[in-house]
Amino acid sequence: MPRIVAARVIVTCPGRNFVTLRIETADGVHGLGDATLNGRELAVASYLSDHLIPCLIGRDAHQIEDAWQYFYRGAYWRRGPVGMAAIAAIDTALWDIKAKIAGLPLYQLLGGASRTEVMVYGHANGKTIEETIDQARSYIEQGYKAVRLQSAVPGLSSTYGVSKDRLFYEPADADIPTETVWSTPAYLRSVPALFEAARDKLGWAVHLLHDVHHRLTPIEAGRLGKDLEASRLFWLEDATPAENQAAFRLIRAHTTTPLAVGEVFNSIWDCKQLIEEQLIDYIRTTVVHAGGITHLRKVAALADLYNVRTGCHGATDLSPVTMAAALHFDLSVPNFGIQEYMRHTAETDAVFPHHYRFAGGCMHPGEAAGLGVDIDEAAAATFPYRRAYLPVSRLEDGSMFNW
Ligand code: EZ4
Ligand code: CO
């Protein structure tokens, strides 16, 4: 058996923080797993180093399911973003090792390719509707078949999803959270106009997406969905916070705009009702935040029974290790829908050399054995951790709100 003899956590900040688990077997095979939890990185690093790694040494690297169950059931305290990101990192690294030992790209172990490539969507944003549409046009010129549109809300000094930089969007922008102000009425007035103008200027061949980022109540979301129906969105994302899964019944009752949810979910229990009652069209759970490849495959299998397709989260706070793992998953899973893709900076790409590639609006994980991604530890060591938080959000009267 390939015995695990060493495991350690590497924290690096090539423009933003990433937490990576590296597991090694007695034969010198190593595997990587992403454990990055934006704004709470060191909690996961400690959970792994102080609590899980000591139990990992000596185990059979091939027993992936058993390791998953051991750390999930064995904790007694189940689920939660910190614990599930740590389990995800172990799970991903063990799949990487198994595929390397097999000499196959990971997707071959997951049933093989169900498609030739994976459709991704890019992020277009701007301070005005015109700027956002111009940026969407540049994505379409690069071959993208799907683009997410986010435009600044008139009257608000900053809006989530709208970057200061033209190429890269990085919301974790300060060592104490930036305070932002939110107005739902201003937002609800601005979005339908954005998509009407986008259809007018960009036509109907491109898929258009939009992220509400948990800012609405169910009835507000129902109304927005209705107002956007004529613009034929690919999806409307995270319309409301989804702790209350049953709330989606109300949204569903009012609109045929397809709904996506779940980038912050960490287990199948967070989306069980949403899927079983067919309250959503796309499930956004991803490798790093939902217990790794092993658990994500169970989510996808449940979703497949109810015509729900996958749409994995793929923002810049998900490292190239997650991106690679997601692409192997996407290529193999029968009910794949779309994959989010935000470019990492050149520094991040240099720290994590990888085989996945983009062409013509689609991606492929490549044919290297394992995940096809590595970490350059010497380069990683030149970028020490820097505390960075996502902003917080308040209503105009000062009440705390959802960012
Ligand atoms: O704000 O990943 O759809 N993508 C998103 C992201 C999230 C960040 C939070 O860490 O909503 O950009
Ligand atoms: Co989102």
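Just so you know, ligand 1 is whichever comes first in the structure, and atom 1 is the first atom listed for that ligand.
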>> With a sphere of 6.0 Å drawn around NZ of Lys298, does it hold more than 12 non-hydrogen atoms of other residues, nucleotides or ligands?
In response: yes
> Does any N, O or S atom in Glu263 come within less than 2.8 Å of the Co ion (ligand 2)?
Replying inline: yes
> Looking at Asp211 and Arg148, does any basic side-chain N land under 4.0 Å from a carboxylate oxygen?
Replying inline: yes
> Can we call the ring centroids of Phe329 and Tyr107 under 6.0 Å apart?
Replying inline: no
> Between the side chains of Lys145 and His207, does any donor sit under 3.5 Å from an acceptor?
Replying inline: no
>> Checking a contact table here: which protein heavy atom is nearest atom 6 (C) of ligand 1, and how many Å away?
In response: His313 NE2, 3.5 Å
>> Does Arg394 qualify as a cation-pi partner of Trp182, given the criterion of NZ or CZ under 6.0 Å from the six-membered ring centre and within 45 degrees of its axis?
In response: no
> Where is the nearest protein heavy atom to atom 8 (C) of ligand 1: which residue, which atom, and how far?
Replying inline: Asp317 OD1, 3.5 Å
>> How far is atom 10 (O) of ligand 1 from the closest protein heavy atom, and which atom is that?
In response: Asn38 ND2, 2.9 Å
>> Show me which atoms of ligand 1 lie under 4.0 Å from any heavy atom of Glu340.
In response: 3 (O), 4 (N)
>> Looking only at N, O or S atoms, which one in Glu237 sits nearest to the Co ion (ligand 2)?
In response: OE2
> How is the N/O/S atom of Asp211 that comes nearest to the Co ion (ligand 2) named?
Replying inline: OD2
> Do Arg284 and Tyr282 meet the cation-pi criteria used here (NZ or CZ under 6.0 Å from the six-membered ring centre, within 45° of the axis)?
Replying inline: no
>> How far is atom 5 (C) of ligand 1 from the closest protein heavy atom, and which atom is that?
In response: Glu263 OE2, 3.2 Å
> Is it true that Arg189 and Asp227 have a side-chain N and a carboxylate O under 4.0 angstrom from each other?
Replying inline: no
> What protein heavy atom sits nearest atom 9 (C) of ligand 1, and how far off is it?
Replying inline: Leu390 CD1, 3.9 Å
>> Using a strict threshold of under 4.0 Å (side-chain N to carboxylate O), is an ion pair present between Arg22 and Glu24?
In response: yes
> Is there any N or O on Arg284 that sits under 3.5 Å from an N or O of ligand 1?
Replying inline: yes
> Cation-pi between Arg59 and Tyr70: NZ/CZ under 6.0 Å from ring centre and within 45° of the ring axis?
Replying inline: yes
>> Would Arg148 count as being in polar contact with ligand 1, using the rule that some N or O on each side must be under 3.5 angstrom apart?
In response: yes
>> Counting non-hydrogen protein atoms only, what is the nearest one to atom 12 (O) of ligand 1? Give residue, atom name and distance.
In response: Ala315 CB, 3.8 Å
>> Give the atom numbers and elements of ligand 1 that come within less than 4.0 Å of a heavy atom of Trp403.
In response: 1 (O)
> Would Asp304 and Arg309 satisfy salt bridge (Lys or Arg N to Asp or Glu O under 4.0 Å), going step by step from the backbone distance to the final call?
Replying inline: CA-CA 7 Å; Asp304 195 26; Arg309 293 192 283 160; over 6 Å; no
>> Need the ligand 1 atom indices (1-based, order shown) with element for anything under 4.0 Å from a heavy-atom of Asp211.
In response: 3 (O), 4 (N), 5 (C), 11 (O)
> Taking N or O atoms only and a 3.5 Å limit, does His213 qualify as a polar contact for ligand 1?
Replying inline: yes
